[in-house]
Amino acid sequence: MDALTNRPDLSRIPGTDRPHATVPSPASPKGDRMPAPARHSCPRGPLISAEGINGVGKTYLTNRAVEALDDEHKPLMLDEFAQWANGRPGLGGALLRALYEASDDDPFLRGGTPLAEALLLMAIKRHDLDTVIPHLSRGRAVIEGRSADSTAVCQALLLHPGNPDAALATARDLLDLSASYRPLPDMTILVTDDAAQAVARAQDRDGRVFTEEQAAFMRAAAALYEQLAATDPRRYRVVDRRTVDEHQAAEQIRGWIHEARGSRGCLSEPWQGAWAACLCCGRPIAADAA
Ligand SMILES: Nc1ncnc2c1ncn2[C@@H]1O[C@H](COP(=O)(O)OP(=O)(O)OP(=O)(O)O)[C@@H](O)[C@H]1O
Ligand SMILES: Cc1cn([C@H]2C[C@H](O)[C@@H](COP(=O)(O)O)O2)c(=O)[nH]c1=O
C-alpha cells in the first residue's frame, strides 16, 4: 500500500520500491478464496521520520515546524536516542543501554559487530513502533527522531568502510531487512547541510570535540543519506539547509507533515501474509488489493 497516495501495491515489499519475488495470494489460511471485503479508509495517523547526521538540526527544525501546527494536529514526537539520556523505560531503553555499553559509549554505537548491532537497532525501532500504535490508531501523526534509515546508513558504512557503492547497495538491503521487522515510515524527512556545519553544531551542543575519524564518519554518512534518499523519492522529502534559512526549512517541514496527514493506508505486519489485519484499524489489508 502506498500510504501517501492510498494506492494499493502488493507487488512491492512494504515501504520499498523493490518488487516481491512472489506476490502474496489473497487466499485464506485454508486455501479457499475469501470474498473481498469492501474498500475502506484507515483512520490511522501517518508515521514520519526525521533523519540526517548529528547536529544537522533534525530536532531543532522539526520542533519549529510542529510549533506552527495547531494543538489538534500536533504529532507525537518520539525522541532521538540522545534525548533518552534520563533513561527510557522498557525494552527499547534496555537494548539501547546494551548498545552503548558494548560500544564503550561510542557516539555511533560501534561495538565491532555491525550486523548484530543493526538487528538490535531494528528491534529498538520495532519496539518504538509498538509503543505508538495506539496513537497512530487514534489518527495522530507520529514523528520518529531517526528510524530505519539511520541504521541502514550507519551500519552499511561500518560494513563497507571506504567503499561508497557497496555501502549504498547494503543500505538498501538493510532497509529491506528493516521493512520485514516493521513498516518503514510513510514519509522520511531528511535534513541535509554542509557536514562541517553539522559537526560544529553537535560539538557546541554537547560540549565535546569529535575526532577526525568521527568527523569523517559523519561526512560519509551525510553523503550516503543523500544517495539513499535519491533511490526512493516517493518516501523521502529532503530539506537542504545550504539553500534555505531556518524559517523556510521549518515551513517546508510543516507542509510535509500536513501532506503526510493525507495518508490513510493500512499499516501491515510485514512478516505476515496479505490477509493479516491492519496494525491500526484491525481490518484485513488484502481487501484493498482485491
Ligand atoms: N537554525 C538554528 N539556529 C540556532 N541553533 C540551531 C539551529 N539549528 C540547530 N541549532 C542548534 O544546533 C544544535 C544541533 O541541532 P539538533 O539538536 O536539532 O540536531 P540533530 O540533528 O537533532 O542532532 P542529533 O542527531 O545529534 O541529536 C542544537 O543545539 C540546536 O539547538
Ligand atoms: C537510530 C540509530 C542511531 N545511530 C547513531 C547515530 C547517532 O550518532 C547515535 C544516536 O544519536 P541520536 O542522534 O541521539 O539518535 O546513534 C546509529 O548508528 N544507528 C541507528 O540506527
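Every number for a ligand or one of its atoms is a count from 1 in the order of the listing. We use all heavy atoms of the structure for the numbers below, so side chains are in, but hydrogens, waters and symmetry mates are not. Just so it is clear, the structure is predicted and the values come from calculations on it, not from any experiment.
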The answer, listing residues by chain and number that come under 4.0 Å of ligand 1 through any heavy atom, is I53, N54, G55, V56, G57, K58, T59, Y60, E80, R146, R201, R205, R241, E246

Quick look: N54 vs ligand 2, heavy-atom contacts under 4.0 Å, and the answer is side chain

Numbered in order shown, the ligand 2 atoms found under 4.0 Å of a heavy atom of L121 are 19 (N), 20 (C), 21 (O)

Nearest non-hydrogen protein atom to atom 17 (C) of ligand 2, with distance, is C154 SG, 3.8 Å

Across all chains, not counting sequence neighbours, the side-chain hydrogen bond (donor to acceptor under 3.5 Å, both in side chains) partners of R254 are E251

Item to complete: Please test E269 against R126 for salt bridge (charged side-chain N to carboxylate O under 4.0 Å, His left out), starting from the C-alpha separation and ending with a verdict.
Response: CA-CA 11 Å; E269 189 64 271; R126 172 66 209 211; 2.6 Å; yes

Looking at G145, P107, A221, A148, the heavy atom closest to atom 8 (O) of ligand 2 belongs to P107

Assess whether a salt bridge exists between K58 and E144, defined as any Lys/Arg side-chain N lying under 4.0 Å from an Asp/Glu carboxylate O. no

Using modelled atom types and a 3.5 Å cut-off, is there a donor and acceptor pairing between side-chain atoms of R201 and backbone atoms of V56? yes

For Q155, the atoms of ligand 2 under 4.0 Å from one of its heavy atoms are 18 (O), 19 (N)

> Do I257 and L61 share a hydrophobic cluster, counting only Ile, Leu, Val, Met, Phe, Trp and Tyr and linking them when any side-chain heavy atoms are less than 4.5 Å apart?
Replying inline: yes

message = Checking side-chain polar atoms at under 3.5 Å, does E117 have a donor or acceptor matched by the opposite partner on T113?
response = yes

#### Entry: Geometric N/O contact E80 with ligand 2, under 3.5 angstrom
yes

message: Can you confirm whether the side chains of E51 and S150 place a donor and an acceptor under 3.5 Å from each other?
response: yes

Atom 14 (O) of ligand 2 sits nearest the protein heavy atom A82 N, 2.6 Å

Here the pair of heavy atoms bringing C42 nearest to C278 is SG-SG, 3.8 Å

A student checking ligand 2 against L109 at a 4.0 Å heavy-atom cut-off should list atoms 4 (N), 16 (O)

| task | If the plane angle is over 60° it's perpendicular, under 30° parallel, otherwise tilted; pick one for F217 and F108. | result | tilted

Closest to atom 21 (O) of ligand 2 among protein heavy atoms sits T151 OG1, 2.4 Å

Among non-hydrogen protein atoms, atom 10 (C) of ligand 2 lies closest to F81 CB, 3.7 Å

Nearest non-hydrogen protein atom to atom 11 (O) of ligand 2, with distance, is R146 NE, 3.9 Å

Pair E226 + R242, salt bridge at N-O below 4.0 Å: yes

Q: Taking atom CG of D104 as the centre, report whether more than 12 heavy atoms of other residues, nucleotides or ligands fall under 6.0 Å from it.
A: no

Honestly, for K125 the part within reach of ligand 2 (heavy atoms, under 4.0 Å) is neither

TODO: Would you indicate whether E101, at its atom CD, is surrounded by more than 12 heavy atoms from other residues, nucleotides or ligands within a distance under 6.0 Å?
DONE: no

